[in-house]
K.L.:
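After the structure tokens below, expect a handful of questions from me.
Chain A is the first sequence line, chain B the second, and so forth, proteins listed ahead of strands; every chain is numbered from 1.
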There are 2 protein chains.
Amino acid sequence: MRSAPLNSVDLVLCTPHGRQLAVLLVRDASKRARERWSLPWAPLAAKQAPEHTASGVALKASGARASWLEQAGAFTDDKRHPGGAAISVAYVGVTPARARELPDGAEWFPVAKLPLLAPRHRAMIDAAVAQLRERMDRAPVAFRLLAPMFTLSDLQEVYELLLGRRLHKASFRRALQAAFLVAPTDEWRSEGRGRPAQLFRYAPRKRRGARGGVRFELLGG
Amino acid sequence: MRSAPLNSVDLVLCTPHGRQLAVLLVRDASKRARERWSLPWAPLAAKQAPEHTASGVALKASGARASWLEQAGAFTDDKRHPGGAAISVAYVGVTPARARELPDGAEWFPVAKLPLLAPRHRAMIDAAVAQLRERMDRAPVAFRLLAPMFTLSDLQEVYELLLGRRLHKASFRRALQAAFLVAPTDEWRSEGRGRPAQLFRYAPRKRRGARGGVRFELLGG
DNA sequence: ACAATTAGTAACCAATTGTTACCAATGTCA
DNA sequence: TGACATTGGTAACAATTGGTTACTAATTGT
């Protein structure tokens, strides 16, 4: 019987943490001094769809279902995996910020302040965060980072966090209005100071088929 | 000695073919009646970066280097691989349309008229084409589908092919001008009828840092 | 009551994009 | 040779979108 699995499914689970994006890491008891943290992972089961495995890893490591999950690629190069896997299939997931406690040994780390990790896990996190940023205008990533009910300021904060730059309130809301993505609810939330904010939910409606010309967003290279 | 490799690298190589995108398939001699075509692939070598393997597959199957190559994900589900691989890492590549002959047993197929393929290969092609469309505004995919020198009408045709819709000539060129992505050359090409067109080359210059607000391009779901 | 703070919107102006229309250079065909 | 069909290329105007300023609203703290 082998002790090291051949292939693995590794998960980069993200959540908003203050004004930063945070990643879930688990304490890795089997490791020596240096690398005490790692991404949650599981051996790849041949008989199970890898998304299903990733989904299970998310549940076990964070205590809740991931609200969005997508493959982020295969990592097979020389960078070694903590469990000795040959091929590691990485998944990106998101989950709303919660007050609830995490399972033992798991902790959120802001992406800017990660501890020392196995090189393969570093590469996965970089790829996962990049993929989140690219996917946000195709998939409802931003909405899945929030609870089902949210204020427009919450939503704007998530967009700013993912885009890495500030947005103008009026422009943001005008664009959101035009996109028919959210619906107001009857509820309001008071954060202490300031006027209470109305709560919205994600409720995408119609859609005028992909308008606009080309955007040459390409940098050099 | 095992006859079937455990893991594979599979390549979806694309090129413009008339007004359609075409994919390179190779005749699979080892197969029985039904599935006579497959994507070019190779076993995954543990000691070699998988991109390198993919690059070699492109060279062997098409007779030329791929001008752009990127991983398109890992495919591991129940859909079986022609070579019996457990995990298949798919790569998308592009190459300019050429008059030159293909190596024996290889052929371009328009994506709309594919022959019967292994389910895993169908899934890879779908993912690869989708990825091409998504990447084109981040990576110079469109330019790599063209020869080093091209007319602006050629370029527009590639954009239309990838976007799946017609673009306005004047708007397209104005946007292109503003993006500083191409430089004119001294050469001109005459296609027979009509005024000769000036040839351009891809020469990305400066870049004003990511302007603009948010675009909620999100559909339903 | 009033300052401070956060939510939300109107309205103006600048920039971008869609469109129409035109001129230029070539091959075709009477 | 001289329309004219065909493709390349651009100017200029109209419509739309996006950035910004500035305002009003509703709440807490002093």
K.L.:
List the atom pairs, with distances to 0.1 Å, where a side-chain N or O of residues 174-187 of chain B and a protein N or O form a donor-acceptor pair under 3.5 Å, not counting sequence neighbours.
P.N.:
| unit_1 | atom_1 | unit_2 | atom_2 | d |
| --- | --- | --- | --- | --- |
| B/Thr185 | OG1 | B/Glu187 | N | 3.2 |
| B/Thr185 | OG1 | B/Leu199 | O | 2.8 |

K.L.:
Are the charged groups of A/Glu191 and A/Arg193 less than 4.0 angstrom apart, N to O?
P.N.:
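Salt bridge flag = no for A/Arg193 with A/Glu191.
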K.L.:
If you pin B/Arg215 and B/Arg173 to their nearest nucleotides in DNA chain D, which one's is more 5'?
P.N.:
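Here B/Arg173 is the residue nearer the 5' end.
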K.L.:
Considering only heavy atoms from C-beta outward, does the side chain of A/Thr53 approach that of A/Ser55 to under 4.5 Å?
P.N.:
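No, every pair of side-chain atoms sits at 4.5 Å or beyond.
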K.L.:
Send over the distance from B/Glu157 CD to D/dG8 C1', rounded to a whole Å.
P.N.:
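Rounded to whole Å, this separation is 14 Å.
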K.L.:
Angle between ring planes, A/Phe143 versus A/Tyr159, binned at 30° and 60°: parallel, tilted or perpendicular?
P.N.:
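Perpendicular.
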K.L.:
At 4.0 Å (heavy atoms only), tell me whether B/Gln198 reaches a base, stays on the sugar-phosphate, or touches nothing.
P.N.:
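Sugar-phosphate contact only.
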K.L.:
From CG of A/Leu176 over to P of C/dG8, roughly how many Å is that when rounded to an integer?
P.N.:
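Rounding to the nearest Å, CG of A/Leu176 and P of C/dG8 are 12 Å apart.
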K.L.:
Can you tell me how far apart CZ (B/Phe109) and CG (B/Leu21) are? Round to the nearest 0.5 Å.
P.N.:
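The distance works out to 14.5 Å.
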K.L.:
How long is the line joining CZ of B/Phe200 and P of D/dG9, in whole Å?
P.N.:
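Whole-Å distance recorded here is 6 Å.
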K.L.:
Using a cut-off of 4.0 Å between protein heavy atoms and nucleotide atoms, how would you tag nucleotides 18-30 of chain C 5' to 3' with B, S and -?
P.N.:
BBB---BBBS---
K.L.:
Looking for any heavy atom pair under 4.0 Å, which part of the strands does B/Thr151 touch: base, sugar-phosphate only, or nothing?
P.N.:
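No contact.
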K.L.:
Are B/Glu157 and B/Arg19 within salt-bridge range, i.e. N to O under 4.0 Å?
P.N.:
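Salt bridge: yes.
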K.L.:
How many whole angstroms separate atom CZ of A/Arg189 from atom P of C/dG8?
P.N.:
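Nearest whole value for this atom pair: 11 Å.
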K.L.:
So how far is it from A/Phe200 CZ to A/Met149 CE, rounded to the nearest 0.5 Å?
P.N.:
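Taking CZ in A/Phe200 and CE in A/Met149, the distance rounds to 11.0 Å.
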K.L.:
Whole Å only: how far is the CG atom of B/Leu167 from the C1' atom of C/dT17?
P.N.:
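Atom CG in B/Leu167 sits about 12 Å away from atom C1' in C/dT17.
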K.L.:
For the helix from C/dA1-D/dT30 to C/dA30-D/dT1, figure out the bend between the end axes, five pairs an end, and round to 10 degrees.
P.N.:
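It works out to 10° between the end axes.
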K.L.:
Distance check, rounded to the nearest 0.5 Å: B/Leu116 atom CG versus B/Arg122 atom CZ?
P.N.:
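Output value for this atom pair is 8.5 Å.
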